[in-house]
Every structure is written in C-alpha cells, then in structure tokens.
Q: 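There's a structure below that I have some questions on.
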Amino acid sequence: MIPIAEPLLAWYTRHGRHDLPWRQTRDPYPLWLAEIMLQQTRVESVKPYYTRFLQTLPAWRALAAAPQDQVLALWSGLGYYTRARNAQRAAQVVMASFAGHFPDTLEKAVTLPGVGRSTAAAVLASAYGQRQAILDANARRVLIRSHAIDADPKATATQQWLWTLASALTPEDAHGYNQAIQDLGAMICTPRQPRCPDCPLASRCKAHAQGRSHALPVTAHKPPKPQRHTFFLLAADPEGRILLEKRPDSGIWGGLWCLPQAAPDGGELSILCNDTLPPLEDTPAVRQFLQEAWSRRLRLDLQLLALAEEQQHVFTHFQLRFRCAHARVLDSAVADSAATLRWYHPADALTQGLPTPIRRILRNLGGGR
DNA sequence: CAAACGTGGGG
DNA sequence: TCCCCAAGTTT
C-alpha cells in the first residue's frame with residue numbers, strides 16, 4: 001500500500017478546483033444534490049443544472065413537496081432520470097424518517113434511494129467531517145495506477161480490494177482528501193494521456209515506474225450497440241397544440257413527456273422498440289398501419305400527413321433510429337381526459353421534462369431550422 | 001451479477 | 001466520424 005494522502009493534499013491546496021459551486025458549502029442538502037447530479041456526469045454538464053435546481057428547490061422540504069413534473073423538468077437534459085425521481089423520494093424520506101436532516105451514519109445514508117456507498121461517504125465526509133472513503137471513477141483510476149492493479153476493475157474481488165485500499169488511505173481529513181483525489185483524477189490522472197510530469201504522486205506511482213500509466217486501468221472491449229427503431233407522432237390539433245404522452249417511471253426516459261410512439265410490427269406501443277423490425281420505410285401500408293394504430297390507441301381521429309426524414313439518437317446501450325410522423329386531428333377532446341396524455345402549445349411543452357431528442361424536435365417545429 | 005440507465009465533450 | 005466514458009446505483 002502506497003501512502004498518498006500527504007502529497008495529494010499539498011497538491012490540492014495549490015491546484016485544486018476550489019471554486020466549484022458545491023464546494024462553497026458544508027450544508028448536506030446541496031452537497032448531496034451535487035453528488036447525485038455528478039454520478040456518471042461531467043462537472044461542466046452539472047454546473048448549470050445544479051444552480052438552477054438549487055434556486056428553485058433550495059431545501060429538503062421544497063424538493064419533497066414539489067410536483068414530480070417540476071423535478072423532472074429541472075433535470076431534463078441531464079440524463080439518467082432515475083436519479084431525479086430517486087432524489088425526490090430521498091428528500092421525502094429525509095423529511096419523514098430523519099426529521100429533515102441527512103442521516104449521520106453510512107448505514108442509514110445508503111437506505112436513501114439513489115444513495116450508494118460512495119455518494120453516502122462523500123456527503124458524510126464533507127457535511128459532517130467524518131472519515132469516510134469514496135470510490136468513484138477518479139479515485140478508482142488513481143488507486144489502480146498508483147498501485148499498478150492489473151485485475152479487471154469490474155470484478156467483485158477487485159472492487160473489494162479497492163474499497164479496502166481507499167479506506168486505509170483516507171486520512172482524518174477525508175473531506176479534503178476526497179476532493180483532492182477526485183481533482184487529481186479529473187485534472188492530472190485522466191483516463192487517456194495522463195499528465196504524469198505534473199503529478200504529485202509520480203515518484204511513488206507503480207504504473208508510472210513501469211511506464212504503464214496509459215495502459216491502466218485495463219478496459220474491456222465493447223460489443224456494438226444494438227439498433228432500435230420507432231416512429232414518433234407529431235399530432236397537431238386545430239389550435240396548433242401537440243400531443244405528448246407521459247412515460248412510465250420505469251425504463252428509458254422514465255417520467256418524462258414524450259411524443260407518442262409506434263412500432264410498425266404492432267408490438268407494445270409505449271416503449272422504445274425493437275431490433276427485429278423492418279427499417280423505417282415510408283410506404284402506403286406503413287402509413288395506414290401507423291394511422292390506425294395511433295387512432296385506436298389514443299382514441300383520436302387523426303390524419304397522417306407526412307413522414308419526416310430519419311434521425312437518430314445514441315444511448316449508452318443502444319442506438320435509436322426514428323422518424324417523425326406529422327398528423328392533424330380535428331377534435332382533440334378525447335385525449336385530454338387521460339392523465340398520461342396532454343396537448344401542449346410547443347412553447348409550454350418546452351418547459352416540461354422532455355428527452356433531449358424530443359426537445360430538439362419541438363424546438364425546431366415553429367420557425368426553427 | 002450483468003444489464004439498464006442519458007447525454008455531451010474530447011481525442 | 002467514431003469511440004470512449006464521466007463524482008454510480010438499482011434490479
């Protein structure tokens with residue numbers, strides 16, 4: 001085991017990112033919110049979301065009581081929307097079970113939805129000054145390189161070893177150390193082309209000594225992404241409003257407002273589907289199928305006008321190809337009654353929680369390019 | 001325990 | 001253009 005705390009903290013004092021918005025406080029609520037937003041997400045992406053969210057919902061009570069649609073609207077574009085729904089559930093638990101205070105033990109903290117071991121440790125260290133080790137992607141990379149760990153980082157045994165290492169190396173000032181190791185990972189010990197000449201740990205780094213910094217951590221080769229296809233319905237009523245459908249909480253884009261979908265094989269209509277379809281052809285048969293399927297499911301008398309050019313959206317685990325079907329309805333009364341279906345003027349729709357590609361589509365509707 | 005879960009920036 | 005992957009957690 002290689003002691004790194006002392007040079008790390010010295011480096012952090014001089015070169016760390018002390019100006020990050022969530023480093024201006026020791027209040028658990030904003031610290032916790034930042035940790036949730038930063039999960040699998042870059043600092044620069046989080047900043048504007050963090051500021052806006054905190055201005056709108058500045059405390060546990062406000063978040064716990066907010067409409068879910070408001071929470072998701074504040075999260076819209078940030079991705080991994082389970083985090084937003086869990087964050088609100090966590091705020092409700094904090095209010096109901098912890099008297100409005102973030103719990104003060106790891107055991108209790110990890111019972112909060114969306115709060116795992118690393119997030120819990122980060123908050124406890126920063127908010128309460130506890131000696132708690134984190135193990136995020138930055139800390140993991142620094143430990144793997146400094147100790148020249150060849151094993152698969154995903155393997156359970158490796159994870160266990162890394163946690164043991166992290167705990168042993170974390171000093172009393174875990175608050176400072178955790179931030180220091182994260183900054184080192186983000187600024188010096190980066191995934192590709194690490195800047196070893198500038199690294200305060202270079203002299204004691206095993207990977208550097210072996211000339212293997214660039215080769216660690218070992219990375220698994222990724223299989224190609226499966227392709228999925230769907231049609232999105234752009235139905236306009238006589239007032240120029242667009243029909244949106246609220247997605248179920250589970251699954252992709254959970255809880256967001258989306259354009260209604262259809263898959264040309266007649267399969268489940270409310271989910272993004274599926275790899276076995278014929279491509280997104282524009283034939284009379286396809287048009288007829290789409291018009292009938294949507295009319296029946298949405299209980300609308302709609303006329304299909306045109307199929308727009310194919311677009312695509314890439315997710316972590318699959319690639320989505322889609323076309324927008326422009327349609328009009330003469331009477332929008334029926335769909336208004338369903339809780340998961342709503343007509344929106346495009347400008348109002350843009351204030352809702354929307355998936356990024358749907359936001360792009362709606363933004364480009366009127367006068368956009 | 002492998003897969004699900006978003007999006008955008010950088011090489 | 002394409003591939004990588006980021007302050008992980010949940011199922």
Side-chain angles (χ1 to χ4, degrees), chain A residues 16-17 20-23 31-50 72 75-87 89-90 109-123 125-126 132-142 152-160 162-163 166 177-187 189-194 214 217 219-226 228 247-256 258 271-272 312-320 353-360:
Chain A
R17 296 175 294 182
L20 295 177
W22 42 89
R23 289 190 179 165
L31 286 170
W32 160 83
L33 178 66
E35 290 301 327
I36 302 297
M37 286 189 163
L38 286 162
Q39 288 169 4
Q40 298 287 283
T41 310
R42 294 172 190 283
V43 164
E44 287 309 313
S45 302
V46 165
K47 280 179 179 172
Y49 285 87
Y50 172 80
L72 288 170
W75 212 275
S76 181
L78 196 54
Y80 286 132
Y81 299 99
T82 301
R83 293 182 297 173
R85 299 191 307 275
N86 280 341
R89 288 207 293 138
V110 296
T111 67
L112 296 173
V115 176
R117 180 170 172 184
S118 194
T119 296
V123 176
S126 288
Q132 299 280 3
I134 61 165
L135 187 60
D136 62 350
N138 288 313
R140 182 177 296 112
R141 193 167 52 250
V142 171
D152 173 12
K154 305 290 181 192
T156 307
T158 315
Q159 300 263 19
Q160 232 163 40
L162 286 169
W163 270 111
Y177 173 84
N178 289 345
Q179 298 179 38
I181 198 167
Q182 288 184 305
D183 279 8
L184 190 82
M187 301 164 68
C189 197
T190 51
R192 282 172 292 183
Q193 292 188 291
H214 64 284
T219 124
H221 129 279
K222 306 269 164 79
K225 294 182 201 298
R228 301 188 187 180
R247 298 183 60 82
D249 274 355
S250 62
I252 199 92
W253 295 338
L256 299 190
C258 192
I271 61 174
L272 295 168
Q312 74 164 17
H313 184 74
V314 180
F315 295 85
T316 304
H317 50 302
F318 64 90
Q319 179 173 341
L320 181 68
L354 305 173
T356 290
I358 304 301
R359 182 172 300 282
R360 187 175 302 125

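Each chain gets a letter, A, B and so on, in the order the sequences are listed, and its residues count up from 1. Just the heavy atoms: all of them, side chains too, but no hydrogens, waters or symmetry mates, feed the values below.
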Q: Among the candidates C/dC5, C/dT10, B/dC5, find the nucleotide nearest to the side-chain atoms of A/Lys222.
A: C/dC5

Q: Check the distance between C/dT9's P and A/Glu35's CD and give it to me in whole angstrom.
A: 9 Å

Q: From the list C/dA7, B/dC5, B/dG6, which nucleotide is the closest neighbour of the side chain of A/His317?
A: B/dC5

Q: Please give me the minimum heavy-atom distance between A/Arg141 and A/Thr190, naming the atom from each residue.
A: NE-C, 3.6 Å

Q: Looking for any heavy atom pair under 4.0 Å, which part of the strands does A/Thr316 touch: base, sugar-phosphate only, or nothing?
A: base

Q: Using the P atom in both, what is the distance from B/dG6 to C/dT11, to the nearest Å?
A: 13 Å

Q: Distance alone, cut at 3.5 Å: any donor-acceptor contact between the side chains of A/Arg359 and A/Thr356?
A: no

Q: In whole Å, what is the span from the CH2 atom of A/Trp32 to the P atom of C/dT9?
A: 13 Å

Q: Check the phosphate of C/dC3 against A/Lys225, side-chain N and O only, distance under 4.0 Å to OP1 or OP2. Yes or no?
A: no

Q: At under 4.0 Å, does any side-chain N or O of A/Ser118 touch on OP1 or OP2 of C/dA7?
A: no

Q: Just call it for A/Arg85: base, sugar-phosphate, or nothing, with non-hydrogen atoms closer than 4.0 Å on any strand.
A: nothing

Q: Taking all heavy atoms of A/Val46 and all of A/Trp22, pick out the closest pair and write down the distance.
A: CG1-CZ3, 3.9 Å

Q: Between CG of A/Asn86 and OH of A/Tyr81, what distance do you get to the nearest 0.5 Å?
A: 15.0 Å

Q: Return the nearest nucleotide to the side chain of A/Ile252; candidates are C/dA6, B/dG6, B/dT7.
A: B/dG6

Q: Can you tell which of A/Asn138, A/Asp136, A/Val142 makes a side-chain contact (heavy atoms from CB on, under 4.5 Å) with A/Ile181?
A: A/Val142

Q: Nearest nucleotide by nearest heavy atom, which residue falls closer to the 5' end of DNA chain B, A/Arg192 or A/Pro357?
A: A/Pro357

Q: For the side chain of A/Arg42, counting heavy atoms from C-beta on, which of C/dA7, C/dA6, B/dG6 is nearest?
A: C/dA6

Q: Does a nitrogen or oxygen in the side chain of A/Arg141 sit under 4.0 Å from OP1 or OP2 of C/dA7?
A: yes

Q: Taking the side chain of A/Tyr81 as heavy atoms from C-beta outward, which of C/dA7, C/dG8, B/dG6 is closest to it?
A: B/dG6

Q: When you measure from the side chain of A/Asp183 to the backbone of A/Arg17, do you find a donor-acceptor pair of N or O atoms at a distance under 3.5 Å?
A: yes

Q: Side chain of A/Tyr80 only, heavy atoms from C-beta on: which candidate in C/dG8, B/dG6, C/dC5 is closest?
A: B/dG6

Q: Name the nucleic acid region contacted by A/Gly77, choosing base, sugar-phosphate or nothing; use a 4.0 angstrom heavy-atom cut-off, strictly under.
A: sugar-phosphate

Q: Is any side-chain N or O of A/Gln40 closer than 4.0 Å to OP1 or OP2 of C/dG8?
A: yes

Q: Can you figure out which of C/dA7, C/dT10, C/dA6 approaches the side chain of A/Asp136 most closely?
A: C/dA7

Q: Think A/Thr119 has a side-chain N or O under 4.0 angstrom from the OP1 or OP2 of C/dT9?
A: yes

Q: Assign each of A/Arg17 and A/Arg89 to its nearest nucleotide of DNA chain C by heavy atoms, then name whichever residue's nucleotide is nearer the 5' end.
A: A/Arg17

Q: Just how far, in rounded Å, is P of B/dG6 from CZ of A/Phe318?
A: 9 Å

Q: Grab the CD-C1' distance between A/Glu44 and C/dA7 for me, whole Å please.
A: 13 Å

Q: Nearest whole Å is fine: how far is C/dA6 C1' from A/Asn138 CG?
A: 8 Å

Q: Determine the contact category for A/Leu20: base if any of its heavy atoms lies under 4.0 Å from a base atom, sugar-phosphate if only primed atoms, P, OP1 or OP2 are that close, otherwise nothing.
A: base

Q: NA contact type, A/Trp22, heavy-atom cut-off 4.0 Å: base, sugar-phosphate, or nothing?
A: base

Q: Measure from CD on A/Gln160 to P on B/dC1 and round the result to the nearest Å.
A: 10 Å

Q: Which part of the nucleic acid, if any, lies within contact of A/Val314, taking any heavy atom under 4.0 Å across all strands shown: a base, the sugar-phosphate backbone alone, or nothing?
A: base

Q: With a 4.0 Å cut-off on heavy atoms, is A/Thr41 in touch with a base, just the backbone sugar-phosphate, or nothing at all?
A: base

Q: Checking side-chain polar atoms at under 3.5 Å, does A/Arg23 have a donor or acceptor matched by the opposite partner on A/Gln179?
A: yes

Q: Which part of the nucleic acid, if any, lies within reach of A/Leu135 when heavy atoms closer than 4.0 Å are counted: base, sugar-phosphate only, or nothing?
A: nothing

Q: The side chain of A/Gln39 lies closest to which of these nucleotides: C/dA7, C/dT9, B/dG6?
A: C/dT9

